[in-house]
Structures are given as structure tokens and as C-alpha cells.
Amino acid sequence: MLNSIIERHDKLTPLSETEIKIVECATRLFLKKGFSKTTQRMIAEESGFGLGTITYHYRAKEDLLRLLMEELMDYHLDVIEDTSNKTEDNLFAYAIEITVQIALCENNKMAWDLYHSAYSHPETFTYIKDWAARKNHKLLGDKTPDLSEEDYRNLENITSGIELAALTSPCDRYFTLKDKIRLTLEVLMKAYDIPQAEQKEVIERVLSLDCEKLAAEMFAKFVARLDNTKT
């Protein structure tokens, strides 16, 4: 499990066999029980190491969450690139990535817990904001020639809060999933001053899809990617 994480870190700072085992067990627990309900003691029991060994290598379980979020964001980039290449439309790729996250968190408790925890922890939240600013500037930069990457970083301080609210606030019969997706995309694209006609066209394209099915399939592929063995 987690060979993609291991391979990526081998190119930077190689993980020891102990660290690999800890990351494997922690991620397995995060995806099975939820990040919030997983404790370091549970990780110790799952891995067979003492609690002192766990905390020596990873001071807090949020340090392990950071590794998983790095992998998840890397997967997001693959989804964005694939969508952009197929549609030749960066704005649609931007919208579908956000939509998939919203639909996933609405229907998958483990995913909801994972995203909510990542956005709630300062270090992982900072990582996500920095990643999103670079990603959004790359996707939307041609539509916002007056905005620098630094402007995108400043905007992300606000838009990330909007995304967190969208990801973690439940729908009901008065505020459906489609309502939430539409409103979230409208507010976010307005922040980047995307022309209203383009906003409307992209949102209608997104809402014409089975977003819940798409989200479930993409998350399943992410989990399967973690399980791939080295070749």
C-alpha cells in the first residue's frame, strides 16, 4: 500500500522501513475509521511499534495526514490535467475538480472527515492553500491577465474558506447538492471575475453530469492508486 507516496519521497527524502510501515498503517486507518477517530495509539497497535516509536518519527497524526494530502492533491492534478486535455477547457477542469470534492464529501463520511480535518489543521491548510493558488493561477491565468500568482495566493485566503464551507456543510431538501454546486461555483468564479456568460455555460455543463457517480469513481481510483504495487 502507498507505493506512490513512497516512490515520490524516495526522490526527495527516502522513508525508512519503519516510517513506511507507520504511513501504511496510518493511512489504512484514516480511510477505514476516519482521521478524527484514529489515534496514534491505534496506529501503534496496527503497526506493531510502540507509541514512542510512532511519536519519534511523526510528532502528531496530522504529520501523517500531510503525507496523505500531498498524495491526494497530486491525484487532483491528474484529474484536472485529464479533464483539461479531453475538453480543452481549463475553466471546466477547474469547475469539475471543485464539484467532485463537494459531491464526494456529501456522500462519503470518510472523505468528509479527511477534507474537513485537512482544512482544519493549520499546517495542512497552508499546504492546500499554496497548492490551490498555484493550480488556479495555471488554470485561470489566461482569463485573468491582471492577476499575478501572488494575487491568487491572496485570493485563496478567502476562497479556501468558501470551499471549506461547501465541502463540509450538509445539504437538505431546501438546499440540494446541485444548489450547493451551482452557488459555490458562481461565488468562486465571480472572485476571479470570470464573465457571467462563461460561468453559466460551464456550470450547466457540470450539472448535466452525474456528479455523485463521478465523485465516487474518482475516489475509488485514488484508493486503488494507493494500493498499486511497485513494478
Side-chain angles (χ1 to χ4, degrees), residues 1-12 15 20 23-38 46 64-119 124 127-128 131-132 134-136 138-139 160 163-164 166-168 171 177-178 180-181 184-185 188 202-203 205-231:
M1 192 176 188
L2 302 183
N3 288 296
S4 49
I5 291 178
I6 294 166
E7 288 170 356
R8 177 152 46 81
H9 274 267
D10 280 347
K11 299 175 183 177
L12 302 171
L15 298 175
I20 290 171
V23 172
E24 286 179 340
C25 293
T27 300
R28 189 181 300 116
L29 288 169
F30 294 163
L31 294 175
K32 181 179 180 181
K33 296 182 178 295
F35 176 81
S36 297
K37 292 183 179 180
T38 298
E46 179 79 8
L64 291 157
L65 176 64
R66 165 67 183 266
L67 292 177
L68 183 56
M69 291 310 298
E70 287 177 5
E71 185 66 15
L72 182 55
M73 295 301 102
D74 192 50
Y75 178 66
H76 278 214
L77 288 180
D78 287 347
V79 171
I80 291 167
E81 183 177 356
D82 184 58
T83 303
S84 181
N85 289 339
K86 287 179 179 177
T87 64
E88 298 184 344
D89 187 338
N90 282 352
L91 184 60
F92 178 74
Y94 166 83
I96 201 67
E97 188 242 350
I98 293 170
T99 296
V100 164
Q101 293 179 73
I102 294 173
L104 178 63
C105 288
E106 188 65 33
N107 292 286
N108 186 310
K109 291 182 180 180
M110 293 300 106
W112 182 94
D113 183 70
L114 186 64
Y115 279 93
H116 183 267
S117 299
Y119 273 79
T124 50
Y127 170 78
I128 291 170
W131 174 87
R134 287 183 279 109
K135 177 262 296 183
N136 292 339
K138 183 176 180 180
L139 283 174
S160 59
E163 290 183 33
L164 173 59
L167 293 177
T168 59
C171 296
L177 179 59
K178 283 193 173 184
K180 181 159 67 170
I181 291 170
T184 303
L185 292 178
L188 291 175
V202 166
I203 291 172
R205 284 177 64 194
V206 167
L207 293 179
S208 70
L209 303 173
D210 187 340
C211 299
E212 293 173 273
K213 180 181 178 182
L214 188 60
E217 290 174 347
M218 288 186 175
F219 193 67
K221 288 179 181 178
F222 171 66
V223 174
R225 168 169 156 160
L226 293 179
D227 282 325
N228 285 341
T229 56
K230 283 186 178 180
T231 58

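All values derive from a computational prediction rather than experimental measurement. Counting begins at 1 with the first residue of the sequence.
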Flag side-chain contact, heavy atom, 4.5 Å: Met69 against Trp131: no

- prompt: Would you call Leu214 and Thr99 a side-chain contact if the rule is heavy atoms closer than 4.5 Å?
  reply: no

query: Quick one: CD on Glu81 to NZ on Lys138, what's the gap to the nearest 0.5 Å?
result: 6.5 Å

Leu177 versus Glu212, closest heavy-atom pair with distance: CD2-CG, 3.4 Å

field: Of Leu91, Asn85, Thr83, the residue whose pairing with Thr87 passes side chain to side chain contact (heavy atoms under 4.5 Å, CB included)
entry: Thr83

field: Test: Lys109 and Asp113 ion pair at under 4.0 Å
entry: no

task: Hey, could you give me the SG/CD distance between Cys105 and Glu163, rounded to the nearest 0.5 Å?
output: 11.0 Å

task: For the residue pair Ile102 and Glu106, establish whether any side-chain heavy-atom pair is separated by less than 4.5 Å.
output: no

- request: State, with a plain yes or no, whether a side-chain heavy atom of Lys135 is found less than 4.5 Å away from one of Met73.
  value: no

- prompt: Which atom names give the shortest non-hydrogen contact between Gly34 and Met110, and what distance separates them?
  reply: N-SD, 3.2 Å

message: Classify the ring geometry of Phe219 against Phe222: parallel below 30°, tilted from 30° to 60°, perpendicular beyond 60°.
response: tilted

message: Measuring from atom OG1 of Thr124 to atom CG of Leu64, what distance do you get when rounded to the nearest 0.5 angstrom?
response: 12.0 Å

task: With the side chain counted from C-beta on, respond yes when Arg225 and Asp74 share a heavy-atom pair under 4.5 Å apart, and no when they do not.
output: yes

query: Below 4.5 Å, heavy atoms only, C-beta onward: do Ser160 and Ile128 meet side chain to side chain?
result: no

field: Ile80 side, atom CD1; Ile96 side, atom CD1 - distance, nearest 0.5 Å
entry: 11.0 Å

- prompt: Honestly, is Arg205 close enough over Phe92, meaning NZ or CZ under 6.0 Å from the six-membered ring centre and within 45° of the axis?
  reply: yes

task: Kindly indicate whether the side chain of Leu188, heavy atoms from C-beta on, has any atom under 4.5 Å from the side chain of Tyr94.
output: yes

query: Ion pair present between Lys221 and Glu217, side-chain N to carboxylate O less than 4.0 angstrom?
result: no

- prompt: When rounded to the nearest 0.5 angstrom, what is the spacing between CG in Leu114 and OH in Tyr119?
  reply: 11.0 Å

field: Any Leu104 side-chain heavy atom under 4.5 Å of Tyr115 side chain
entry: yes

- prompt: Judged by atom type as modelled, is there a donor-acceptor pair below 3.5 Å linking the side chain of Trp112 to the main-chain atoms of Asn107?
  reply: no

- prompt: NZ of Lys33 to CZ of Arg28: how many Å apart, nearest 0.5 Å?
  reply: 12.0 Å

